[in-house]
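Accompanying notes for the structure given below.
Heavy-atom basis, side chains included; hydrogens, waters and symmetry copies ignored.
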Amino acid sequence: MKQRLQSMQVEYPQEEEIQMQRQLIIEKAMPRPMGKWEQLRSIYWGPGLKAIFYHSQGIWGIVAFLYAGLTWLCRNWYMEPDMRIGFTFLAFPICFLTFAWLSCWMDEQEGMEDLKGTLHYSLQYLAGLRMLYSSIFMILLNVAVFAVLGDFREKIFWSIALVGSSSVFLFATICVYAYRRCSGSIFLGIMAGAWICLSVVVVNSGLEVQTFVFETVPLAVHGLVTVCCFALLFIYIGKVEKKDAYSFAY
């Protein structure tokens, strides 16, 4: 046995391989500082859209069907003055709230929760990015459709677009907060139902609300509110990334 051990040869790695392994260890232990653009991309892009909207195709189909129905109603009743409020209070936020509720419900299903729990990124962080990108997409879609239905040269067009956009951004922030704190689709479903009821009340309240919100309040105020709501969502997602972005560390 002693003679056999003496005859064994140990192959050491080449010098180039040793240096490469050392460099990898150094980069892992002391990563180079990222530039501002790299930091923003890391926070607000994360794993990419494919992972953010994983298994959401069916939800998008349901939302598209709902949106088509609301657009048809608004197009047929657009000449009615109160329907402008209805479009703003329904078509802008309710499609987003429906998507948020269904996507949260899908995450709570046992199979999806277990699957997404194996990812490097946490469910809370993925949900935050999903709310961010879905809110921006739905706002752009709403503005484009509303431009076809109305006249974008009118002041009321921009007032409705800004009020609708600010409401979607505000609801997106609330959805991210609710998902982070309780991860409950029940809360989002109740919020969507409550908003529908509030919309019906506002639409039936008469022209006073429309005159004040869309004609009396200056466009600059609507624009400032929209920017503040987007900044709130943007900052809060950065906070979620900082505290809850990763489900486990490498």
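Residues L162 and F137 fall within the same hydrophobic cluster, defined by Ile, Leu, Val, Met, Phe, Trp and Tyr side chains chained together at heavy-atom separations under 4.5 Å. Both L49 and M131 sit in one connected hydrophobic cluster of ILVMFWY residues. Membership requires side-chain heavy atoms under 4.5 Å apart, directly or through other members. Two different hydrophobic clusters hold V227 and I136 under the rule that ILVMFWY side chains link at heavy-atom gaps under 4.5 Å. V163 and L224 are assigned to two separate hydrophobic clusters, defined by single-linkage of ILVMFWY side chains at heavy-atom distances under 4.5 Å.
Below 30°, between 30° and 60°, or above 60°: for Y133 and W45 the angle between ring planes is above 60°, a perpendicular geometry. Using cut-offs of 30° and 60° for the angle between ring planes, the Y44 and F234 rings count as parallel. Classification of the W195-F171 ring pair by plane angle, with boundaries at 30° and 60°, yields perpendicular.
Atom OH of Y177 sits about 15.5 Å away from atom CG of L233, to the nearest 0.5 Å. Distance CH2/W105 to CG/L188: 14.0 Å, rounded to 0.5 Å. For the atom pair OG1 of T173 and CD1 of I237, the computed distance is 7.5 Å after rounding to the nearest 0.5 Å. With rounding to the nearest 0.5 Å, the separation of OG in S165 from CG in L170 is 12.5 Å. To the nearest 0.5 angstrom, F96 atom CZ is 4.5 Å from C175 atom SG. With rounding to the nearest 0.5 angstrom, the OG atom of S166 is 12.0 Å from the CG atom of L232.
W60 has its ring centre no less than 6.0 Å from the ring centre of Y67.
Although no hydrogens or angles enter the test, the distance criterion places a donor-acceptor pair under 3.5 Å between the side chain of R130 and the main chain of I52.
Inter-residue side-chain proximity for F169 and I174 is flagged as unmet; no heavy-atom pair is nearer than 4.5 Å. When side chains are defined from C-beta on, P93 does not count as touching M138, because their heavy atoms never get closer than 4.5 Å. Looking at L132 and F230, their side chains come closer than 4.5 Å, going by heavy atoms from C-beta outward. L129 places a side-chain heavy atom less than 4.5 Å from the side chain of P47. L219 has its side chain within reach of S159: a pair of non-hydrogen atoms, C-beta onward, lies under 4.5 Å apart. Inter-residue side-chain proximity for V240 and Y236 is flagged as met; some heavy-atom pair is nearer than 4.5 Å.
The two residues G238 and I43 have their closest heavy-atom pair at CA-CG2, 4.0 Å. Between V176 and G128 the shortest heavy-atom distance is CG2-CA, 3.8 Å.
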